[in-house]
Asks: 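Below you will find the structure I want to go over with you.
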Amino acid sequence: MSDVWGWEYDPSPEHVIGGVDHLAFVAKIEERADELVRAAAALYLDGTKYEGSSPRMEQEIIRGYGMFVYQVVPRHQRVYIRQVTFLA
């Protein structure tokens, strides 16, 4: 694992956003993921030493597009994007 906070699609980009070809929606998800990473890094200063339970999965609505589900895992210093739902 990296010693720097980041985000990724879990289990893979193909699995999570494979059917979504709306680039503006994907860009908004990735922009929000960057914000979530900054917030998590500020909250869990050294996530590798975190000993509590990982926070539960959360969802975010992106108006006019859809939603996504994510989970912050402090020990991995990662925000995992788990599911994306595009509302056409």
Side-chain angles (χ1 to χ4, degrees):
M1 269 303 125
S2 170
D3 62 346
V4 178
W5 274 90
W7 68 268
E8 60 189 79
Y9 293 107
D10 184 47
S12 69
E14 296 79 22
H15 180 82
V16 179
I17 60 168
V20 177
D21 59 356
H22 197 287
L23 297 180
F25 178 45
V26 173
K28 288 188 179 292
I29 292 169
E30 294 179 354
E31 180 181 308
R32 183 63 181 132
D34 289 337
E35 293 171 1
L36 292 167
V37 165
R38 287 192 294 275
L43 184 59
Y44 305 101
L45 295 177
D46 188 354
T48 60
K49 294 181 181 175
Y50 181 74
E51 294 183 7
S53 301
S54 290
R56 64 189 178 103
M57 283 196 259
E58 300 284 341
Q59 66 182 17
E60 292 261 339
I61 295 172
I62 299 179
R63 289 182 182 237
Y65 293 101
M67 61 167 280
F68 69 97
V69 176
Y70 69 92
Q71 184 175 22
V72 176
V73 180
R75 288 178 298 280
H76 293 178
Q77 297 193 134
R78 286 287 176 273
V79 174
Y80 292 107
I81 309 298
R82 307 274 188 181
Q83 180 183 358
V84 170
T85 303
F86 178 64
L87 303 173

Asks: Y9: which residues meet the ring pair (Phe, Tyr, Trp, His ring centres under 6.0 Å) condition with it, sequence neighbours left out?
Replies: W7

Asks: Are M57 and V16 co-members of a hydrophobic cluster defined by side-chain heavy atoms under 4.5 Å apart?
Replies: no

Asks: Quick one: list whatever passes ring pair (Phe, Tyr, Trp, His ring centres under 6.0 Å) with H22, sequence neighbours left out.
Replies: Y65, F86

Asks: Which residue pairs satisfy the side chain to side chain donor-acceptor pair (under 3.5 Å) criterion with at least one member in residues 38-47, sequence neighbours excluded?
Replies: D46-T48

Asks: For E31, enumerate each residue passing the salt bridge (Lys or Arg N to Asp or Glu O under 4.0 Å) test, keeping only those at least two apart in sequence or located in another chain.
Replies: none

Asks: Quick one: does any side-chain atom of Q83 pair with a main-chain N or O of V69 as donor and acceptor, under 3.5 Å?
Replies: no

Asks: Going by salt bridge (Lys or Arg N to Asp or Glu O under 4.0 Å), name the residues that satisfy it together with E30, two or more places apart in sequence or in a different chain.
Replies: none

Asks: Atom CD of Q71 and atom CD of Q59: how far apart are they, to the nearest 0.5 Å?
Replies: 13.5 Å

Asks: Which residue, R82, R78, H76, forms the side-chain hydrogen bond (donor to acceptor under 3.5 Å, both in side chains) with Y80?
Replies: H76

Asks: Measuring from atom CD1 of I61 to atom CE of M67, what distance do you get when rounded to the nearest 0.5 angstrom?
Replies: 7.0 Å

Asks: Can you name the salt bridge (Lys or Arg N to Asp or Glu O under 4.0 Å) partners of R63, sequence neighbours left out?
Replies: none

Asks: Looking only at heavy atoms, which two atoms of W5 and V73 are closest? And how far apart?
Replies: CH2-O, 4.3 Å

Asks: For the atom pair CD1 (I17) and CZ (F25), what is the distance rounded to the nearest 0.5 Å?
Replies: 9.5 Å

Asks: Do V72 and L36 make a side-chain contact, defined as non-hydrogen atoms from C-beta onward lying under 4.5 Å apart?
Replies: no

Asks: Does CG belonging to L23 count more than 12 external heavy atoms closer than 6.0 Å?
Replies: no

